[in-house]
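Only one structure is covered here, and it is reproduced in the block below.
All ligand and atom numbering here is 1-based and tracks the order in the structure. Worth saying up front: this structure is predicted, and the values here are computed from it rather than measured.
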Amino acid sequence: MRLSINSLSKTYSNGVQAIKNVSLTLNEGMFGLLGPNGAGKSSLMRTVATLQEADEGSIQFDGIDVLKQKTELRQVLGYLPQEFGVYPKISAEQMLDHIAQLKGVSNKSERKELAGYLLDKVNLAKDKKKNLGTYSGGMKQRFGIAQALIGKPKLIIVDEPTAGLDPAERNRFYNLLSEIGENTIVILSTHIVEDVSTLCSRFAIIFQGQVLYAGTPDDAVNELNGKIYSKSISKAEIKDYSSRFKVISTQLKAGQLYIRIISETDPGNGFIVSTPNLEDVYFSNIGQKTDINTL
Ligand code: ADP
């Protein structure tokens, strides 16, 4: 199974070019689409999910020409949008029953069994009679996955699913997502680097509508071996260091300010070579991460 996105471009009517000549190939497993807000992640995902048109390019999935055969694609798609609205006054069980009906499961007892199975899978079995309006953010997201799994989709798209979840909820959500990768392609968009390092076998960095990197997290990190240096400096020195070195992040640790820079050669000046991580990959691609405003 393979999803291939070829030279895709999209400009909105207000002139914003949200997708610029994007090409990506995805195989089975979890693929992370990593980028800051406004990078174009949702635009790309909505296009793959057949919810909006592209201006140029093509998308193929398992023999389906996605931009032309929308109905065929929708039959094998599970989608959790960024803004996942729920009807607050009905229960999870009722809502799943309704969605299953819309997806063509006409037999009532089959629907009940399916809803029970899915709610159990996302660990909401004991809360299935509660109204969705009473659910926490994490519970809503897990419910969102349950509804996306109806119909045994082969392609699952989840848009920024961990934004707004607390660490415990995020962990629960990671466990759930890691179980659904088999025999499906899962695309997960996020601005949280940890989502990618925890879950994804492959990923792409998207910024200003363009793909800046695509590959495995390990390869991306290994490419930076011996090129990341760190040093503790004072707040007053930040400007000077930023003008002399390629600073990729500034971080406070136990009240001490550390900067990380990327350099092909030993920068001297008391810098110590540091083990690279996926955050370094991300910020060296999209530009500096700065906590200066919060100092
Ligand atoms: P992300 O999901 O990475 O935050 P989006 O795809 O939502 O990025 O947005 C990419 C760019 O396109 C942003 O500049 C955003 O303001 C713009 N944009 C998104 N949707 C629309 C729309 N429907 N009409 C006009 N501009 C849009």
Among protein heavy atoms, which lies nearest atom 8 (O) of ligand 1, and at what distance?
Gly40 N, 3.0 Å
Taking side chain as C-beta onward, heavy atoms only, is Gln60 less than 4.5 Å from Asp65?
yes
Does any donor atom in the side chain of Ser189 or Asp159 lie under 3.5 Å from an acceptor atom in the other side chain?
yes
What's the shortest distance from atom 10 (C) of ligand 1 to any protein heavy atom, and which residue and atom give it?
Gly38 O, 3.4 Å
Considering heavy atoms of the protein only, find what lies nearest to atom 18 (N) of ligand 1 and give residue, atom and distance to 0.1 Å.
Tyr12 CE1, 3.4 Å
Students should be able to answer this: which protein heavy-atom is nearest to atom 6 (O) of ligand 1, and at what distance?
Ser43 OG, 2.6 Å
Which protein heavy atom lies closest to atom 25 (C) of ligand 1, and at what distance to 0.1 Å?
Asn14 ND2, 3.2 Å
Does Arg111 reach the main-chain N or O of Ser106 with its side chain, forming a donor-acceptor pair under 3.5 Å?
yes
Do Tyr12 and Lys10 touch side chain to side chain, with heavy atoms closer than 4.5 Å?
yes
Arg2, CZ atom: more than 12 neighbouring heavy atoms under 6.0 Å:
no
State the atoms of ligand 1, each with its element, that fall below the 4.0 Å cut-off from a heavy-atom position in Asn37.
4 (O)
Between Arg170 and Asp166, does any NZ, NE, NH1 or NH2 come within less than 4.0 Å of an OD or OE carboxylate oxygen?
no
Is the closest N or O pair between Ala18 and ligand 1 shorter than 3.5 Å?
no
Run the numbers for me: atoms of ligand 1, each under 4.0 Å from some heavy atom of Pro36, listed by number.
3 (O)
Using modelled atom types only, decide if a donor and an acceptor are shared between the side chain of Ser263 and the backbone of Asp266 within a distance under 3.5 Å.
no
Which atoms of ligand 1 have any heavy atom of Lys41 under 4.0 Å away?
1 (P), 2 (O), 3 (O), 4 (O), 6 (O), 8 (O)
Which atoms of ligand 1 have any heavy atom of Ser42 under 4.0 Å away?
1 (P), 2 (O), 6 (O), 7 (O)
Are any of the side-chain heavy atoms of Lys154 and Met1 separated by less than 4.5 Å?
yes
State which residues pass side chain to side chain contact (heavy atoms under 4.5 Å, CB included) with Ala204; sequence neighbours excluded, sorted by chain then number.
Leu24, Phe31, Leu33, Val211, Ala214
Heavy-atom nearest neighbour in the protein, as seen from atom 15 (C) of ligand 1, with distance rounded to 0.1 Å:
Val16 CG1, 4.7 Å
In ligand 1, which numbered atoms sit nearer than 4.0 Å to a non-hydrogen atom of Arg46?
20 (N)
Looking at Ala39, which atoms of ligand 1 are within less than 4.0 Å of one of its heavy atoms?
1 (P), 3 (O), 8 (O)
